[in-house]
Amino acid sequence: MSVATEPVAVQHPIRAWSGLPALLAALVGVFLLHIAVGAKPLPIGTVIEALTSFNPDVFDHVIVQNLRLPRAVLAVVVGASLSLAGALMQGVTRNPLADPGLLGLTTGAAFAVVLAHSTFGFTAMAATPWIAMAGALGAAVLVFFISRMVPGGATPLSMTLAGAAVSAFLGTVISLIHLLNQDTFENLRVWLTGALAGRDITLLWYIGPPMLLALIGGILLAPRVTVLAMGDEVAQGLGVKTGVLKAQLLAVVVVLTAGAVALAGPLGFIGLVIPHVVRLYVGSDYRWIVPYAALVGAIYLVSVDIVARVAIPPREISTGIITALVGAPLFVHLVRRRTR
Amino acid sequence: MARGSDDRSHRLEAVAIEAGYAGTRVLNAVDLSPPDGQVTILIGPNGCGKSTLLKTMARILAPTRGNVLLDGKDIHTLNTKAVAASLGLLPQGPIAPEGLTVRELVAQGRFPHQSLLRQWTQKDEDAVNSAMSTAGITEFADRAVDTLSGGQRQRCWVAMVLAQETDLILLDEPTTFLDLKVQVDLMDLLTGLAHERGRTLVIVLHELSLAAAYADHLVMMKEGRIVASGTPDDIFTADRLKQVFGLDANVLRDPASGRLVCVPFGARRRLTEAAQ
Ligand SMILES: Nc1ncnc2c1ncn2[C@@H]1O[C@H](COP(=O)(O)OP(=O)(O)OP(=O)(O)O)[C@@H](O)[C@H]1O
Ligand SMILES: [Mg+2]
């Protein structure tokens with residue numbers, strides 16, 4: 001009670017790196033917890049042991065390494081990627097409501113998967129990530145070419161509009177396919193809400209390295225995003241090549257979003273909301289928003305996935321549902337607290 | 001070493017430039033070489049191409065003909081970040097991102113001086129603090145720019161350009177939104193930078209009397225061309241103002257300061273004349 005009512009008149013944003021160690025520690029904490037909970041709860045000590053000195057003869061170690069670790073890693077990568085991509089999108093478009101889905105990437109992925117399953121009868125889940133990736137990239141290319149035809153060229157505004165149009169169109173086609181074909185819907189119901197369960201971890205070996213490069217690239221480019229957010233003329237006056245920078249940022253966003261969709265399906269919410277939550281605490285300088293968003297996004301998705309796994313045992317709730325279900329009220333609460 | 005970099009002063013020059021936007025030409029055969037260590041003030045009616053000229057000189061707009069030279073080299077062939085360390089620009093009517101604090105905004109002026117290996121240093125910190133105190137915005141340092149008044153915001157942007165610590169400073173209407181006292185303070189500050197620290201300034205102004213009072217070198221533009229340039233004493237005359245702005249005005253000399261003042265007389269004076 002007393003903590004919540006402390007005066008919040010002048011909010012000094014968290015300075016520099018001061019919050020990062022605590023968040024890193026939190027990430028390690030939820031990561032270990034994520035591995036420890038489940039149908040057979042394991043002590044944290046066993047988890048750490050399995051990670052540091054793996055013994056294939058110990059059954060618990062095998063559970064950790066083969067079943068639970070991959071999913072935890074997946075949650076970290078996907079959470080960090082979506083959140084960082086969202087932060088960059090908001091900066092480059094100067095639109096606080098931008099998210100990675102804005103370029104049509106997520107709907108494109110969903111569309112490709114639904115189409116493949118209904119028309120071509122692909123039912124192998126193993127192929128899904130690759131189809132999703134192709135769909136996301138295809139949508140990105142489509143959006144880019146449409147916005148090129150707009151007078152003024154491929155500006156963030158024209159790309160946002162083209163992305164919205166493509167998303168709306170593909171979204172409608174998806175609904176149509178569902179209506180005409182009940183079976184597809186049954187098969188893909190879980191995937192379409194975004195899920196981390198039963199994902200093929202070998203995929204991470206292919207998609208992981210480019211995503212890691214994109215994450216690093218995004219963090220390195222972050223200081224320029226603030227300069228860019230002050231307008232093209234100011235940014236050019238300060239020595240930023242705005243055209244090149246926008247292309248680099250879009251490439252980072254496309255790789256991260258397409259990768260995340262391939263790994264976990266069209267997960268919404270994180271890319272839009274986590275950067276906002278971060279902004280409430282660190283201010284408007286992307287130099288800080290971007291790295292904090294990556295960390296908080298990872299922590300958030302790992303935590304949410306813990307809930308998804310343990311909420312109603314022995315069943316599991318789709319992660320994408322929990323993401324928004326828990327996240328929306330939390331977000332409203334944080335905004336109310338910080339903007340009084 | 002430190003002296004060496006202080007002595008070095010950069011020259012900016014526009015040679016016979018033509019520039020414009022998507023097919024429409026705005027500037028025609030414009031030559032401009034702002035004198036070193038002096039204040040050049042650009043005046044002209046709305047839409048005559050002042051901002052276009054400033055943007056072209058600052059390499060934001062590429063000329064379709066002619067060249068902009070920085071120290072004798074075509075500015076478009078130079079590394080743009082290196083240029084930003086010697087040439088600063090305040091465009092007309094910039095907008096700050098929502099929530100960015102004054103200090104964060106001013107700190108962006110240090111961007112050209114930083115790199116991956118050279119992150120934030122004490123020198124950057126000092127430049128930001130001194131720019132904020134010069135512009136008189138230290139008391140707002142932690143406020144969000146979008147919560148300030150128009151004049152306070154304008155001073156933040158000026159501070160950002162000052163923090164850039166460049167030899168050449170181009171300012172597009174830095175005095176808009178400012179009350180008269182603050183306009184005068186700002187112009188005093190800017191002329192001080194030129195006369196005491198050897199910076200070269202090019203400023204677009206709309207206040208004619210302010211321009212006449214502070215210009216070392218006055219440039220009048222009309223319809224994309226420079227129609228007159230020189231000291232205010234030489235070119236700031238009633239005839240010229242009529243020619244350039246279509247403005248009926250008297251130009252008087254204030255006996256106390258010796259400065260030229262423009263006193264417009266519009267319809268009212270003409271009416272009284274007609275009545276007599
Ligand atoms: N981005 C643009 N695209 C197309 N035309 C433009 C653009 N910016 C300016 N113009 C046109 O170029 C001409 C010169 O504009 P400029 O902004 O240089 O005028 P200015 O002298 O700065 O005027 P003001 O005093 O109103 O600021 C105007 O006719 C204007 O309509
Ligand atoms: Mg202008």
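Model, not experiment: these values are computed from the prediction. By convention in this document, chain letters (A, B, ...) are assigned in the order of the sequence lines, proteins followed by strands, and residues within each chain are numbered from 1.
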Quick check for you: among A:Ala229, A:Ala235, A:Gly91, which has the greatest number of heavy-atom pairs under 4.5 Å with chain B?
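Most heavy-atom pairs within the cutoff with chain B belong to A:Ala229.
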Among A:Arg287, A:Arg279, A:Glu233, A:Lys241, single out the residue with the greatest number of heavy-atom pairs under 4.5 Å to chain B.
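Most pairs with chain B among the choices: A:Glu233.
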Go through the steps to decide whether A:Val234 and B:Gln108 satisfy the test side-chain contact (heavy atoms from CB on, under 4.5 Å), and finish with yes or no.
CA-CA 10 Å; A:Val234 174; B:Gln108 303 309 317; over 6 Å; no
Show, in sequence, the C-alpha distance, side-chain angles and deciding distance for B:Leu105 and A:Met230, and conclude whether the side-chain contact (heavy atoms from CB on, under 4.5 Å) test is met.
CA-CA 9 Å; B:Leu105 180 92; A:Met230 305 204 301; 3.5 Å; yes
Using modelled atom types and a 3.5 Å cut-off, is there a donor and acceptor pairing between side-chain atoms of B:Arg59 and backbone atoms of A:Gln236?
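Indeed, once roles are kept as given, a pair shorter than 3.5 Å links the two residues.
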Closest approach of A:Ser284 and B:Gly99, non-hydrogen atoms and distance?
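Looking at all heavy atoms of both residues, the shortest contact is OG-C, 3.1 Å.
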Pairwise distance CZ(B:Arg103) to CG(A:Asp285) - rounded to 0.5 angstrom
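One finds 12.5 Å between CZ of B:Arg103 and CG of A:Asp285.
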Distance from B:Glu104 atom CD to A:Tyr286 atom OH, nearest 0.5 Å?
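Between B:Glu104 CD and A:Tyr286 OH, I get 11.5 Å after rounding to 0.5 Å.
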Apply the test side-chain contact (heavy atoms from CB on, under 4.5 Å) to residues A:Thr226 and B:Leu100: give CA-CA distance (whole Å), side-chain angles for both, the deciding distance (0.1 Å), then the verdict.
CA-CA 9 Å; A:Thr226 312; B:Leu100 199 72; 4.0 Å; yes
Side-chain heavy atoms of A:Leu238 within contact of B:Lys81, under 4.5 Å:
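Contact flag for A:Leu238/B:Lys81 side chains = no.
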Residue B:Leu170 versus chain A: region with a heavy atom under 4.5 Å:
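For B:Leu170, neither part sits under 4.5 Å from chain A.
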With a 6.0 Å cut-off (strictly less than), is the heavy-atom count around CD of B:Glu98, excluding the residue itself, greater than 12?
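12 or below, so no.
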